[in-house]
Amino acid sequence: MASSSPTADWEAVSDTFYRKVQIYTALWSDDFNLNEYLLRGAPYGGALALWKDDSKPQPYRGPQSKPAIEIYSSAGALIRKIAWDKGPIKGLGWSEDEKLLVVTQDGTVRCYYDLQGDFTQFSIGNGAEEFGVKECRFWGTGFVALLGNGRLVAVSRYDEPRPRLLADPAIGDATIHTWALIPPNHTLSRHVEVLIATGSTIFVVDASESQDQVLQQGPFSHIAVSPNGKFVGLYTAEGKVWVISSDFQDNLSEYDTGMGSNLPLDVAWCGNSSVVLVWDDEVHMVGPGGVALRYFYDSRVHLVPEIDGIRMITVESCEFLQKVPDVTESIFRIGSTSPASILVDAIDQLEQKSPKADDNIQLIRPQLAEAVDSCVKAAGLEFNIHWQKQLLKAASFGKSVLELYSSDEFVEMCEVLRVLNAVRFYEVGIPITYEQFLRLTPEKLIQRLLNRQQHLLALKISEYLRLPTDKIYIHWACLKVRVSTDDEDTICRTVVARLDGKHGISFEEIARTAYDEGRGRLATQLLNYEPRAGRQVPLLLNMEEDEIALDKAIESGDTDLVLFVLLHLKKKHTLANFFRIINNRPVASSLIESSAREHDRELLKDMYYQDDRRADGALVVLRESLEQADLSGKLEKIKLSCKVLSDIKEYALEARALDESARLLLIQEGYEKDLPAKFVGLSVNETLLELIRLGYNSRAAKIKSEFKVPEKRFWWLKLRGLVAKRDWGEIEEWSKTKKSPIGWEPFFNECHGARNSKAAALFIPKCTHLAPADRMDMWVRCGMLAKAGEEALKIKDLNSLEMLRSRSRIQSETLELDRMINQLRPK
């Protein structure tokens with residue numbers, strides 16, 4: 001690049017300047033015929049994809065020649081050849097993150113995501129298999145395919161593709177001359193809009209409708225939409241370029257190319273300010289107001305639009321055409337008197353040791369900070385390193401004079417320019433501009449370098465810009481695993497030694513790459529260096545290293561992770577093999593037992609059977625019996641549990657209890673058939689109580705005998721049953737037949753609790769074992785104060801008699817108590 005004058009490559013279009021910067025030369029050899037290829041370039045200085053144009057005759061290259069998509073840098077360096085065997089290609093384009101999209105005639109889409117041939121694949125469907133794909137148009141995150149039946153299918157994302165049929169264009173059998181699209185981020189509806197040229201007009205098609213714009217200037221052979229979506233360039237059959245607003249309301253400019261019926265090969269926008277047209281050896285750039293520049297070439301020119309200009313690719317060179325930035329124009333335009341221009345002149349004077357440098361500084365002293373900012377910004381917009389340095393020198397000189405000036409932007413621009421110059425170098429071949437760099441972000445630029453296997457440069461840039469470097473190391477290690485021909489031990493040592501001490505390194509990702517490459521042993525070795533068990537375990541399971549995965553999960557102490565592994569193993573292995581794996585791992589066995597107890601009883605029984613834990617298995621069956629609604633099922637499980645426990649000497653008592661439970665259930669089932677009450681599920685005591693309450697004493701006696709109910713308990717149950725029945729006469733008669741084994745005080749308490757003081761009083765005289773004071777209290781509770789007084793008289797308790805006398809409200813009782821008190825009082 002010449003450094004004699006910054007305006008040497010400027011050309012004026014009306015009152016605007018454009019410049020065509022030659023970035024790379026000698027891209028391909030002289031015998032390379034670029035005319036045979038379709039060329040598609042990735043945005044932001046990205047790679048170039050070349051595919052032999054099927055519409056043109058190709059020379060025969062022999063039976064060994066296989067079709068391939070060739071990927072080059074903008075400097076012409078071959079990055080990768082991707083063998084192609086999928087059929088005719090109907091769409092070739094790039095996403096904004098440099099993924100190569102290839103669409104075949106049957107609607108199959110391959111997304112090559114790393115420039116090395118790795119891809120994901122999906123189909124757009126919606127009739128593509130039946131009618132075929134004719135053409136495709138791409139934008140940053142999606143594309144639209146035109147099918148053979150005239151319908152349009154849109155895909156808005158590549159990571160989660162959801163092909164969607166757009167509205168029917170409703171043009172019938174009319175011929176589609178050309179078509180283009182407006183990306184969703186530039187439309188009011190936020191959905192992609194397709195512009196279809198047919199007849200003399202244009203239809204705008206979106207997801208819901210098709211609108212005729214009722215134009216008369218057609219037919220149009222080319223449509224180009226500006227990067228900001230605001231303008232549309234149309235090329236008519238008469239050889240005119242017509243620039244209008246994208247809403248078709250404003251006619252902005254018109255230009256007659258003079259080419260007549262010689263249609264251009266391509267039409268694209270240069271930034272948002274001009275339209276570029278390409279013929280075989282001629283290029284027209286139509287600027288504002290319909291004024292054009294013409295360039296002539298010896299070979300075909302391919303266009304790659306950018307947000308701030310356009311790349312022009314030929315066999316001989318890669319050039320960048322753009323509108324001269326305003327700040328650059330204000331500094332270098334001939335006769336400019338802007339503060340920044342004077343500051344740049346001051347640095348020239350300073351280098352010549354002229355005192356005029358100080359005069360220039362004093363002249364712009366009030367605007368010096370503004371001049372410094374302009375020089376810093378202009379430096380970023382320059383491709384020429386010489387002028388970058390001159391502008392930064394001027395900015396440095398200016399800020400050294402200022403007392404208060406933040407150098408942050410100056411330092412940041414110096415860092416960015418070093419990065420831009422490094423990636424623009426022909427061996428790297430990414431001719432990215434400062435504006436594109438800001439839009440792309442440093443992180444995505446690093447990813448592009450990794451896709452080109454420029455690991456050292458990516459690492460230096462990341463360190464220089466203070467960005468994380470872990471992804472770079474991981475990418476390098478994965479590539480090493482893929483392509484290295486060394487033995488697996490050597491590869492493992494090399495990778496571990498290189499990554500030792502690096503923060504944030506995921507060996508799991510490297511190990512997964514090794515496994516995908518068929519190097520299972522290497523993957524296992526690498527996983528030993530992964531500190532996070534949550535990353536180790538899933539890959540080990542995929543590798544079918546089940547026992548190692550289980551051990552790693554147990555070592556982590558994460559019970560959820562252990563359960564995840566165990567459930568995976570249970571689905572995969574037979575039960576016998578599964579129990580063999582967990583038997584010598586107590587943590588795993590405990591977790592399975594705990595989980596199965598709540599969610600899988602059959603597994604729990606199998607586990608107990610396998611371990612010969614018959615008693616635990618019997619308890620599981622018993623627990624199931626309690627949950628059975630059907631009596632026969634309940635009895636069956638109780639008998640099964642009883643049978644198992646009866647074979648174990650230590651559980652004889654439990655076996656006998658279960659046997660009795662089964663017999664009781666059978667008896668209760670018979671009672672429910674004969675008696676108007678529910679018995680099933682009651683205990684022996686509750687069954688006796690219910691029978692007595694219903695008056696079936698003989699049956700109660702049979703239950704007592706059958707289950708050897710103790711006499712005392714039976715008396716208690718019978719007493720409570722009769723009280724519940726309110727059969728006071730039966731209670732009185734029953735009390736006369738035998739001596740109570742539980743005493744008579746319970747009779748008193750139960751009757752009194754049932755609010756029958758009269759029946760309760762019958763049993764007070766029988767409580768001879770109680771002290772007179774206790775019997776006196778029982779009489780008082782029954783409301784018989786005279787009887788209580790008799791007890792007090794027996795023990796000569798004058799105080800109690802006087803207390804009873806004070807509580808008495810019945811005259812006869814009062815007189816009787818007075819008589820007793822007089823007996824005890826001294827005369």
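Keep in mind that this is a model prediction, so the values were computed, not measured. We're numbering straight along the sequence, starting at 1.
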Lys502 NZ: over 12 foreign heavy atoms closer than 6.0 Å:
yes
For Tyr473, is the NZ or CZ atom of Arg498 found under 6.0 angstrom from the centre of its six-membered ring and inside 45 degrees of the ring axis?
no
When rounded to the nearest 0.5 Å, the distance separating OG of Ser95 from OH of Tyr158 is 6.0 Å
Working to the nearest 0.5 Å, report the span between CD1 of Ile385 and CG of Leu392.
11.5 Å
Whether over 12 other heavy atoms sit under 6.0 Å from Asp298 CG
no
Glu329 with Arg19: basic N within carboxylate O range, under 4.0 Å:
no
Mind running ring-ring contact (aromatic ring centres under 6.0 Å, His included) on Trp28 and Tyr72 for me, showing each step along the way?
CA-CA 10 Å; Trp28 291 280; Tyr72 293 88; 5.4 Å; yes
Under 6.0 Å between ring centres, would you say that holds for Trp242 and Tyr255?
no
Does atom CD of Glu409 have more than 12 heavy-atom neighbours from other groups under 6.0 Å away?
no
Are there over 12 heavy-atom neighbours, none belonging to Lys20, within less than 6.0 Å of that residue's NZ?
yes
Side-chain contact test, heavy atoms from C-beta onward, threshold under 4.5 Å: evaluate it for Met312 versus Leu303 and give yes or no.
yes
Using side-chain heavy atoms (C-beta onward) and a distance below 4.5 Å, is Leu417 in contact with Phe437?
no
Check whether NZ of the Lys or CZ of the Arg Arg439 lies under 6.0 Å from the centre of the six-membered ring of Tyr44 and within 45 degrees of that ring's axis.
no
Residue pair Gln390 / Asp348, side-chain donor-acceptor N/O under 3.5 Å
yes
Side-chain (Arg311) to main-chain (Ser74) donor-acceptor, under 3.5 angstrom
no
Using a 3.5 Å cut-off and no angle test, enumerate the donor-acceptor pairs between side-chain atoms of residues 367-378 and protein atoms at least two apart in sequence or in another chain.
| from | atom 1 | to | atom 2 | distance (Å) |
| --- | --- | --- | --- | --- |
| Asp373 | OD1 | Tyr405 | OH | 2.5 |
| Ser374 | OG | Glu370 | O | 3.1 |

Using atom types as modelled and distance alone, determine if a side-chain donor or acceptor of Ser14 lies under 3.5 Å from a backbone N or O of Thr16.
no
Fit a plane to each ring of His455 and His475, take the angle between them on a 0 to 90° scale, and name the class: parallel (under 30°), tilted (30 to 60°) or perpendicular (over 60°).
tilted
